[in-house]
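Worksheet for the structure shown next.
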Amino acid sequence: MPDTRPNSAAGVSHASAPHHPVSIGWRTAGGSWTTMPFAEAGSSVSVTERPGGGTRIAVTRAGAAAVEIAFAVPAKFQAFGGGERFETLDLRGQSVRYYLENFGLGNGTYLPSPWIATTLGYSLFLPDEAPAVFHIAAPFDPHVLRVQVEGESLTLDIDRGGLAELYAALIARIGPPLMPDAHFFGLWKAGDWRYENAATVAADVAGHVGLDLPMAIKLIDAYWASEVHSFAFDTGKYPDAWGMVSDMARDGTGIYLWLCPWVVVGTKSFDYARAKGYVIVDRHGELITRRPGANPNVVAALIDFSNPEASAWWSGNLRGLVKQGIVGFKADFGEQLPEHAVLRSGETGGRAHNAFVRYYLEATIAAFDGKTPAIISRSGSPRVRAPIWSGDQTSDFCPKTGLPSAIRAVQSANLSGWSFIGSDLGGYFGTPTPQVFARWTQFACFTPLMMLHGLGCREPWDMDAGSAAVYADYARLHLALRPVFEQYGREAAGGGLPLLRMMPLAFPEIDWSRINDWDQQYMLGPDILVAPVAFYGNTRAVYLPAGDWYDVLAGEWVSGPAWRVHDVPLDRMPLFLRDGARLTLAADAAHGTALGLIAVNPDRHSSVDAAHGFAPDWRVDHIGIVGARGRVAPQSSTADQPAMAEAIGGWFSQDITWLSPDALIKVNPG
């Protein structure tokens, strides 16, 4: 039976735990905080020990506007999670809000999560959706971790273990990320919504043909419709919209359409939604309007997706588009619910602010009638872990808003439960320089979503020859990596480790607080260490954990722990393969054929098992042994070089011996 003893006993039961509740507190509306020792809180606190492990602490204070619980923490530890983070991955010293914001930079986030994992052996999770703040050893209180929740009650779940165990406990609570269909891992192209029309769509098609690249998804951004949420193409911009959709589908390109959660005042869709009671009002029943995205030319009302009828109206219209050939949707925005709103569900805007995007995404997903939903969203809820993109970064190397922030975003999102993520390649705001474009292309290659999008030119075929060449090369590598994304994506979708793994998750034995810029490198699956160059200049320092690593740039084996410093040409990037790494690279995706790569340090191995470890559902026709320095034994059966051998040599190594896929490969002693 669960243990729900009074808090005096609970205080004793926690005395030997790694987490130590020291106080509870409450604040009245407009008042200051009142606190008391945790052990003296009486009936205000209940503690439940769950049979499967973990602890639930509930704090209640009738009439309070906010409630808190505080834990003692030592001077040295690290904390991670909190959803998608842009400024830092180590949250110690930060005040982290669980509050959805149109603010994808610095300490704000489109994708908050009420989960904090520490290196102290425990994590904290808030199962409610009410706005909250985690003050994690903030400068004003450096030895205390405070959790503050709006309302008169706070429920907090505590799990124990290392970072991998804490991640597993989180996924057991919220569910694993939603695995998208294969087209997600192809090449995406979105246009500048200010100018998008049939001619720009045709130019995107021609641009991909000119680079001999397949375009998996053409995303038609804002204002594709005759009016927002008429759910019909603007025939002035797209005279033969459905012919365009059909022609592109025949050539292997699916179309996604942009969505937003509002109806614009003055349109037929607004008049209909208002008459039906589908828009959000205040407690007096008065309409609430906003200027979405601070656009002075648009006044709009939010759709009340908590209203089942409004949700069904929305889903039905999207379902009609899917039946006509639209592949999927980009669910933009979702952060705008104001505090004074009152939803049809009875929730108020303050407490329902984080829940609004969940209603929005659930209504969008319902259009797919139980099939794998084809959506990407900017904002998200921990209860809906559909694919996302990281929002609106600046087209530069600014640490808090540019490429470095996007590199942090994909890692923190993965750790918080969203594995299928990418960014606007080149950033959203501003025109990227050739250097920024090249470095962002290299980073995007090693994320599951590789999408060209932003204000201004993002078309490689309209850029300089060097930019077009870099994009084409890494786009082909991204397509070749599809089996890798699928293999470790399935692992994540099955409840295993995330697809992209921050260094403290992959190597918890290391004190990463002592390693500079560790948040600018990550693991793709268990074997590929990705280290984008995200700084002005070309010099890059990378930290390698213990073990043997094949340094792709240098073409040599390195033993860690070690720092590697490279002057990186603009068309290359630092990449390291773990000894024994197995990579499955798509050769002919249409027929499911692939090539297998195995990184082998010949000083460590006398033989290699080549029959296992490759991605399922792909037929491996050739095995490439990387880094063996020609010391593959004569008794191994050789094979002709595959057609992709030259490209793979450029991506990974010129030191590759191609063999038939035998069960055992011999390595000559040195």
Side-chain angles (χ1 to χ4, degrees), residues 83-84 98-104 109-113 129-131 174-175 177-178 219 221-222 225 228-229 231 256-264 269-270 272-274 276-281 288-290 292-293 298 300-319 321-322 326 328-339 341-369 373-389 391-392 413 417-418:
E84 182 183 43
Y98 175 48
Y99 191 79
L100 187 63
E101 299 177 86
N102 183 354
F103 197 61
T109 185
Y110 308 103
L111 196 71
S113 171
E129 291 179 292
I174 67 174
L178 181 64
L219 194 162
D221 211 76
V228 174
H229 300 328
F231 302 103
Y256 272 51
L257 297 177
W258 175 86
L259 304 174
C260 63
W262 60 68
V263 283
V264 176
S269 57
F270 167 78
Y272 178 84
R274 187 177 188 185
K276 289 286 190 178
Y278 294 169
V279 292
I280 290 175
V281 298
I288 298 174
T289 59
R290 311 278 290 182
V298 178
L302 285 170
I303 300 168
D304 188 350
F305 295 100
S306 78
N307 180 343
E309 294 181 0
S311 180
W313 166 73
W314 175 266
S315 303
N317 281 290
L318 299 187
R319 187 177 294 111
L321 291 168
V322 171
I326 297 303
F329 302 101
K330 171 185 176 179
D332 206 353
F333 291 91
E335 314 92 355
Q336 297 79 22
L337 187 69
E339 300 264 331
V342 178
L343 301 184
R344 176 62 66 89
S345 63
E347 300 165 288
T348 58
R351 285 189 61 81
H353 180 85
N354 293 331
F356 177 77
V357 73
R358 171 172 59 84
Y359 289 126
Y360 171 34
L361 295 178
E362 288 173 344
T364 304
I365 289 171
F368 294 91
D369 294 326
I375 71 168
I376 58 170
S377 68
R378 184 176 75 175
S379 298
S381 159
R383 302 185 186 191
V384 182
R385 290 151 313 287
I388 59 173
W389 87 101
D392 301 341
W418 289 269

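Just the heavy atoms: all of them, side chains too, but no hydrogens, waters or symmetry mates, feed the values below. Treat the numbers as computed from the prediction; the structure is a model and nothing was measured.
Using a 4.5 Å heavy-atom cutoff, the side chains of Phe333 and Arg290 are not in contact. In this structure, Leu257 and Phe329 have side chains that are in contact, with non-hydrogen atoms separated by less than 4.5 Å. Two residues are said to be in side-chain contact when any heavy atoms from C-beta on lie closer than 4.5 Å; Asn307 and Trp313 fail this criterion. For the pair Val279 and Val263, the minimum side-chain heavy-atom distance is below 4.5 Å. By the 4.5 Å heavy-atom criterion applied to side chains, Leu318 and Leu259 are counted as neighbours.
With hydrogens and angles disregarded, a donor-acceptor distance shorter than 3.5 Å links the side chain of Thr109 to the backbone of Glu84. Under a 3.5 Å cut-off, the side chain of Ser377 and the backbone N or O of Ile388 do not form any donor-acceptor pair. Formation of a donor-acceptor pair under 3.5 Å by the Ser379 side chain with backbone atoms of Asn102 is not found in this model. Put simply, the side chain of Asn354 gets close to the backbone of Leu100: a donor and an acceptor are under 3.5 Å apart.
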(message) Apply salt bridge (Lys or Arg N to Asp or Glu O under 4.0 Å) to residues Glu129 and Arg383 and explain how you reach the verdict.
(response) CA-CA 10 Å; Glu129 291 179 292; Arg383 302 185 186 191; 3.7 Å; yes
(request) Test side chain to side chain contact (heavy atoms under 4.5 Å, CB included) on Tyr110 and Asp392 and set out the steps. (result) CA-CA 10 Å; Tyr110 308 103; Asp392 301 341; 3.6 Å; yes
(request) Please test Glu362 against Phe305 for side chain to side chain contact (heavy atoms under 4.5 Å, CB included), starting from the C-alpha separation and ending with a verdict. (result) CA-CA 9 Å; Glu362 288 173 344; Phe305 295 100; over 6 Å; no
(request) Give the C-alpha distance, both sets of side-chain angles, the deciding distance and a yes or no for ring pair (Phe, Tyr, Trp, His ring centres under 6.0 Å) between Trp262 and His229. (result) CA-CA 8 Å; Trp262 60 68; His229 300 328; 7.9 Å; no
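A perpendicular orientation is assigned to the rings of Trp314 and Phe231, their planes being inclined by more than 60° (bins at 30° and 60°).
Taken to the nearest 0.5 Å, the CG atom of Leu178 stands 8.0 Å off from the CD1 atom of Ile375. One distance of note links OH of Tyr256 with CD1 of Ile376; it measures 7.0 Å at 0.5 Å rounding. For the atom pair OG (Ser381) and CH2 (Trp418), the distance works out to 7.0 Å, reported to the nearest 0.5 Å. Between atom CD of residue Gln336 and atom CG of residue Leu302 there is a gap of 6.0 Å, rounded to the nearest 0.5 Å.
In summary, Arg378 and Glu335 engage in a salt bridge, as defined by a charged side-chain N under 4.0 Å from a carboxylate O.
Nearest heavy atom pair, residue Pro382 against residue Tyr98, reads CD-OH, 3.9 Å. Taking all atoms of both residues into account, the shortest heavy-atom contact from Ala310 to Ile303 is CB-CG2, 4.3 Å.
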